[in-house]
Colleague: 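Pasting in a structure now, in C-alpha cells, and then I'll have a few things to ask.
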There are 4 protein chains.
Amino acid sequence: MTATAQILERDGPEAATTNAIAARAGVSIGSLYQYFSGREAIIAALAQRHVEQMRAVLSRSLAELIALPIEAAIPRLMAALVDCHRVNPTLDHVLHQVMPEDASVLDEFEDFAATIAAAAIRSHPGLAIADPELAGSTLTLAVGGVLRTTLRRWPARISDPALEQALVDLVLGFLARAGEGSKAARAQAPGHAAALLDEGPGGGQAAALKLGEGAG
Amino acid sequence: MTATAQILERDGPEAATTNAIAARAGVSIGSLYQYFSGREAIIAALAQRHVEQMRAVLSRSLAELIALPIEAAIPRLMAALVDCHRVNPTLDHVLHQVMPEDASVLDEFEDFAATIAAAAIRSHPGLAIADPELAGSTLTLAVGGVLRTTLRRWPARISDPALEQALVDLVLGFLARAGEGSKAARAQAPGHAAALLDEGPGGGQAAALKLGEGAG
Amino acid sequence: MTATAQILERDGPEAATTNAIAARAGVSIGSLYQYFSGREAIIAALAQRHVEQMRAVLSRSLAELIALPIEAAIPRLMAALVDCHRVNPTLDHVLHQVMPEDASVLDEFEDFAATIAAAAIRSHPGLAIADPELAGSTLTLAVGGVLRTTLRRWPARISDPALEQALVDLVLGFLARAGEGSKAARAQAPGHAAALLDEGPGGGQAAALKLGEGAG
Amino acid sequence: MTATAQILERDGPEAATTNAIAARAGVSIGSLYQYFSGREAIIAALAQRHVEQMRAVLSRSLAELIALPIEAAIPRLMAALVDCHRVNPTLDHVLHQVMPEDASVLDEFEDFAATIAAAAIRSHPGLAIADPELAGSTLTLAVGGVLRTTLRRWPARISDPALEQALVDLVLGFLARAGEGSKAARAQAPGHAAALLDEGPGGGQAAALKLGEGAG
DNA sequence: GATGAATGAGATTTCATTCAT
DNA sequence: CATGAATGAAATCTCATTCAT
C-alpha cells in the first residue's frame with residue numbers, strides 16, 4: 001500500500017500494476033491477493049488511508065482553533081488546510097485521477113470539511129449567513145480548488161505566506177460579504193465592501209471592469 | 001474526436017479504446033492513425049478543442065462585461081464562468097482524469113482566466129490589490145474548484161442562483177478584504193469586514209471560535 | 001473428501017480447489033497434504049469411495065436375486081442398477097468429467113457389473129449366448145448409458161416405472177434375440193422376434209423402413 | 001478449431017489453453033480473440049462442428065436405410081451409428097468431459113437420434129410400442145452408451161462385427177420384447193422370448209439367475 | 001489513402017503446493 | 001503434527017499499433 005503510493009506518486013497511475021506493486025512491496029503477487037481482493041481494492045484502501053490522514057491532520061488543528069477569535073482562527077484554519085493537503089499532494093492528485101467518480105472515498109474529506117465549516121457558520125448567527133451549508137461547501141471547494149491546483153502546478157508556492165493570506169481573505173471576505181447580503185438588499189444599498197469597490201480613482205466608468213487596460 | 005468525446009462522456013476513459021473511437025467515428029482504425037499519431041494525440045487534440053470552446057464562451061461574455069461597473073460585472077462574470085464549465089462538464093472531468101499531469105492543455109484555460117482576472121484587477125487600482133497575479137490566480141482556482149466539483153457531484157445544483165450568488169460573494173468579498181489588507185495593517189486597524197466579524201459583545205467567550213457573535 | 005463431494009455436487013469441478021476443500025472439511029490446507037499427496041489423489045480417493053458405495057448397493061441387491069428365475073430377476077436387477085446410480089448421480093457425473101480418461105477408478109464399477117452379468121449369462125446355458133463376456137459388457141454399458149444420461153438430463157424421470165420397464169425389455173429382449181441368433185442362422189430361419197418383425201403384408205413397400213408393418 | 005481438436009485429442013482438456021491453441025493454429029493469441037469471444041466459445045464452436053459432422057454421417061446413412069426392410073435396416077443403422085461415433089471418438093469423449101452439463105450442444109446429437117428413432121417406431125404401429133419417445137430415447141442412449149464407452153476403453157473392438165451384431169440384437173430384441181409387452185400381460189402369459197428363456201436344460205430352478213456358478 | 005486482420009507485450013487473477021513456525 | 005501465509009507459474013484476455021493489400 002505504501003508501495004502503491006510510491007509508484008503512483010513517482011510514475012503515475014499507469015505504472016501501478018499489480019505486479020509492480022507486489023514487486024515494490026517485496027512480496028509475491030500471490031500474497032497481494034491474500035490481503036486485497038484486487039487492484040481496485042488496493043487503491044481504494046490507499047485512498048481511504050490517505051483521507052484518514054488528511055482528516056487526522058485537520059482534526060488535530062481544529063482542536064486548537066476552538067479557543068481562538070475568528071480573525072485569528074481563520075488564518076490558522078487555512079494553515080491547517082494547507083497542512084492537510086501537504087500530507088501527500090502528488091498522491092492526492094493521482095488518486096483524484098484514478099478513483100471512479102461515483103462514491104469516491106476522497107469526497108469524504110471534502111464532505112467532512114464542508115460539514116465542519118457549515119457547523120461553524122451556523123454556530124455564529126451573527127454572521128447572518130442565510131444558507132450555512134452552501135456557504136460551508138462553497139468555501140471548502142474554493143479553498144480545496146486553490147490548494148490542490150497550486151500543489152499540482154506550483155508546489156513550491158504552497159509555502160508562500162501570501163497564498164495563505166489570500167485564502168484567509170477569500171474566506172473572511174466571503175463571510176463578510178455573504179453576511180451583508182442577507183441583511184440589506186445589495187441592489188438598493190451597496191454594502192461596505194461594495195461601496196469600497198465602487199469608487200476607483202477614475203470616476204463612474206472607471207469602476208467598470210476594464211479588461212486588458214492597465215491601471216487607469 | 002467528437003467520437004472520442006462521446007465515448008469518454010458516456011462510458012468513461014476505459015471505454016475509449018482506439019478501436020472504439022474509430023468505430024464510432026465511422027472510420028477504420030488505420031485511418032485514425034493517419035490523422036493522429038496515437039491514442040494520446042487524439043485525446044490531447046480533444047482536450048485542446050475543449051479548452052478552446054470554453055475559452056470562446058468566456059471571451060464572448062467578456063466582451064459584454066467591459067463596459068460594466070465592477071459590482072455588476074462580477075455577477076455576470078460568474079455567470080459566464082458557470083456557462084464555460086457547462087460547455088461539457090462530464091468531458092471536462094474525464095479529461096482532467098485522463099490527461100497526464102504535466103503539460104496539460106487543460107491548464108491553459110485556467111491560465112487564461114487567471115491572466116484576465118489579474119489584468120482586470122490591475123486595471124482597477126482602486127481595489128488596492130497588492131499582488132494582482134496572485135489574486136487573479138486565487139480567484140480563478142477558487143471559482144474553478146467550486147464549479148468543477150459541483151458539476152461532478154451535484155450537477156443539478158449548477159443552475160441554482162444561490163450558487164452563483166455565493167460565487168459573487170466569494171469574489172467581491174475577497175476583493176474587498178484583500179484590498180483593505182493592502183491599505184491598513186489588519187492587526188492595527190481592522191477593516192470593515194474585520195470590524196464586522198471581530199469583537200463579540202461577550203468578552204471572554206468572544207475569544208472562542210463563534211463566528212456568529214459579530215456586531216448585530 | 002465428503003467435503004470434496006459436496007463441493008463437486010453443489011458447485012462443480014471448478015469450485016473444488018484445494019483451499020475450498022480444506023475449508024469445508026474444517027482442516028488447514030497443510031493438513032490436507034498430510035493425508036493426500038495432492039488434489040488428484042483426493043479426487044481419486046473420492047471416486048474410489050463412490051465406486052465402492054455403488055458396488056455395495058449392487059451387491060446387496062444381488063444377494064436377493066440369486067434365487068429368482070430370470071424373468072423375475074432381471075426386473076429386480078434393473079431396479080438395483082437404478083438404485084446404484086441413485087447413490088449420487090451428480091457426483092457420478094462430475095467424477096466422470098473430472099477423472100483422467102486412463103486408469104479411471106470409475107471403470108471398475110462397469111467392469112464389476114459386466115463381470116457379474118457375464119457370469120450370470122454363462123450360468124444359464126439355456127440362454128445360448130455365444131459370447132457371454134460381450135453380452136455382459138454390452139448390457140452393462142447399454143443400461144449404464146441409459147441411466148447416466150437420464151440422471152444427468154432428466155433426473156426426475158429416473159423414478160418412472162416405464163423407464164425401468166424399458167430397461168427390462170432391453171435386457172430380456174437382447175438375451176432372447178442374442179440367444180436365438182446362436183442357435184439358428186438368422187438369415188435362413190428367422191427366430192421368434194425376427195418373425196414378428198419381418199414380413200409386412202404389403203410386399204413392395206414392406207421393403208421400406210417401416211418398423212411397424214410387422215405381423216399384427 | 002482444428003488445432004483445438006488436435007490438442008484436446010492428444011493432450012486432454014487441461015492442455016487446451018488459449019495460448020496452446022493459438023500456437024498450434026499458427027496464429028497469435030490476439031487473432032484468436034478476433035474470431036472467438038473466448039476459450040469457451042472456441043470449444044463450443046468445436047463441439048458444434050463435431051455434432052454437425054456426426055449428424056451429417058448419420059443423415060447420409062439414413063437416406064440409404066429408408067428403402068430396406070427392418071431386419072436389414074437395423075444392422076445397417078447400427079453400422080451407421082458406429083460410423084458416427086468413429087468420426088472422432090477421442091474428441092467426442094473429451095468434449096463430453098469439458099462441456100458444461102447444461103445446454104450442451106452435444107446433447108443435440110442424442111436428441112436428433114432419439115427423435116428419428118421415435119419417429120421410425122411410431123411409423124410402425126405393428127410394433128405395438130406404447131411409448132415411442134421413451135423407446136427411441138432408450139435405444140439411443142443404450143447404443144450411445146455402448147459405443148462411447150467401447151471407443152474410450154477398447155477402441156479396437158469397435159470394428160468387431162460381433163459388437164455390431166450385439167447392438168442389432170439389443171435393438172431388435174428390445175423392439176420385439178417391448179412390442180409383446182404391450183399386447184399381452186407378461187405376468188399371465190409369458191411371451192415368446194420369455195418362454196424361450198424360462199426353460200433351461202436344468203428344469204425350474206435352473207432358470208434362476210445363479211450368479212457366480214459356471215454353466216450347469 | 002483507406003482498410004482491418006494480425007500482432008504480442010503485458011495486465012489481472014487463480015490456485016496447487018510448500019515450509020517456517 | 002497442524003497451520004496458513006507465501007509462492008509464482010500459468011491462464012485468460014485486452015488493446016495500441018502496424019502493414020500488406
Side-chain angles (χ1 to χ4, degrees), chain A residues 4 7 11-23 25-43 98, chain B residues 4 7 11 13-23 25-44 98, chain C residues 4 7 11 13-23 25-44 98, chain D residues 4 7 11-23 25-43 98:
Chain A
T4 313
I7 297 172
D11 308 313
E14 318 248 285
T17 69
T18 49
N19 283 307
I21 293 169
V27 301
S28 70
I29 181 65
S31 294
L32 212 64
Y33 279 86
Q34 269 183 339
Y35 298 122
F36 299 100
S37 64
R39 186 183 186 269
E40 300 248 303
I42 298 172
I43 293 177
V98 152
Chain B
T4 313
I7 296 172
D11 308 313
E14 318 247 285
T17 68
T18 49
N19 282 293
I21 291 168
V27 301
S28 68
I29 179 68
S31 296
L32 213 64
Y33 277 84
Q34 260 164 359
Y35 299 129
F36 299 99
S37 65
R39 186 180 187 267
E40 300 246 307
I42 299 172
I43 292 176
V98 153
Chain C
T4 313
I7 296 172
D11 309 313
E14 319 248 283
T17 68
T18 49
N19 282 293
I21 291 168
V27 301
S28 68
I29 181 66
S31 296
L32 213 63
Y33 277 83
Q34 260 162 357
Y35 299 129
F36 299 99
S37 66
R39 187 180 186 266
E40 301 245 305
I42 298 172
I43 293 176
V98 154
Chain D
T4 314
I7 296 172
D11 308 313
E14 318 247 286
T17 69
T18 50
N19 282 308
I21 291 169
V27 300
S28 69
I29 181 68
S31 295
L32 210 64
Y33 279 86
Q34 268 184 340
Y35 298 122
F36 299 99
S37 65
R39 186 183 186 268
E40 298 247 305
I42 298 172
I43 293 177
V98 153

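Each chain gets a letter, A, B and so on, in the order the sequences are listed, and its residues count up from 1. Given the structure is predicted, the values throughout are model-derived calculations rather than measurements.
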Colleague: Over all heavy atoms of both residues, which pair between D:Pro13 and D:Val98 is shortest? Give the atoms and the distance, please.
Modeller: CB-CG2, 3.3 Å
Colleague: May I have the distance from A:Arg39 (atom CZ) to E:dT14 (atom C1'), rounded to whole angstrom?
Modeller: 18 Å
Colleague: Taking only the side-chain nitrogens and oxygens of D:Tyr33, find out if one of them lies under 4.0 Å from OP1 or OP2 of F:dC15.
Modeller: no
Colleague: May I ask which nucleotide in the shown strands pairs with F:dT21, Watson-Crick or G-U wobble, both distances under 3.5 Å?
Modeller: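 Check on F:dT21: paired to E:dA2, both distances under 3.5 Å.
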Colleague: Between D:Ser28 and B:Gln34, which is nearer to the 5' end of DNA chain E once each is assigned its nearest nucleotide?
Modeller: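 It is B:Gln34, whose closest nucleotide lies nearer the 5' terminus.
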Colleague: What distance separates B:Ile29 CD1 from B:Ile21 CD1, expressed to the nearest 0.5 Å?
Modeller: 8.0 Å
Colleague: Report the residue (C:Thr17 or A:Asn19) whose heavy-atom-nearest nucleotide on DNA chain E is the more 5′ of the two.
Modeller: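 Its nucleotide being nearer the 5' end, the pick is A:Asn19.
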Colleague: What is the distance, rounded to the nearest whole Å, between atom OH of C:Tyr35 and atom P of E:dA16?
Modeller: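 Going from OH in C:Tyr35 over to P in E:dA16 covers 20 Å.
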Colleague: What is the distance from CD1 of B:Ile7 to P of F:dC15, rounded to the nearest Å?
Modeller: 12 Å
Colleague: What's the CD1-C1' distance between A:Ile21 and E:dT13, to the nearest Å?
Modeller: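 Spelled out: CD1 on A:Ile21 to C1' on E:dT13 is 13 Å.
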Colleague: To the nearest angstrom, how far is B:Phe36 atom CZ from F:dA16 atom P?
Modeller: 15 Å
Colleague: Check D:Ala20 against D:Ala15 and note the closest heavy-atom contact, atom names and distance.
Modeller: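 For D:Ala20 and D:Ala15, the tightest heavy-atom pair comes out as CB-O, 3.4 Å.
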Colleague: Can you measure from CZ (D:Phe36) to OG1 (D:Thr4) and round to the nearest 0.5 angstrom?
Modeller: 7.0 Å
Colleague: Once you round it to whole Å, what is the distance between C1' of E:dT13 and CD1 of A:Ile42?
Modeller: 11 Å
Colleague: Going by purine N1 to pyrimidine N3 plus the second Watson-Crick contact, or the G-U wobble pair, all under 3.5 Å, which nucleotide sits opposite F:dA10?
Modeller: E:dT13
Colleague: Of the non-hydrogen atoms in D:Leu32 and D:Thr18, which two are nearest, and what is the gap between them?
Modeller: CD2-O, 3.5 Å
Colleague: For A:Gly26 and D:Ile29, find the nucleotide of DNA chain F closest to each by heavy atoms; which residue's nucleotide sits nearer the 5' end?
Modeller: A:Gly26
Colleague: Taking the nucleotide of DNA chain F with the closest heavy atom to each, which residue, D:Glu14 or B:Gly30, is nearer the 5' end?
Modeller: D:Glu14
Colleague: Counting only side-chain nitrogens and oxygens, does A:Thr18 get under 4.0 Å of the OP1 or OP2 atom of E:dT12?
Modeller: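 The answer is yes; a side-chain N or O of A:Thr18 sits under 4.0 Å from OP1 or OP2.
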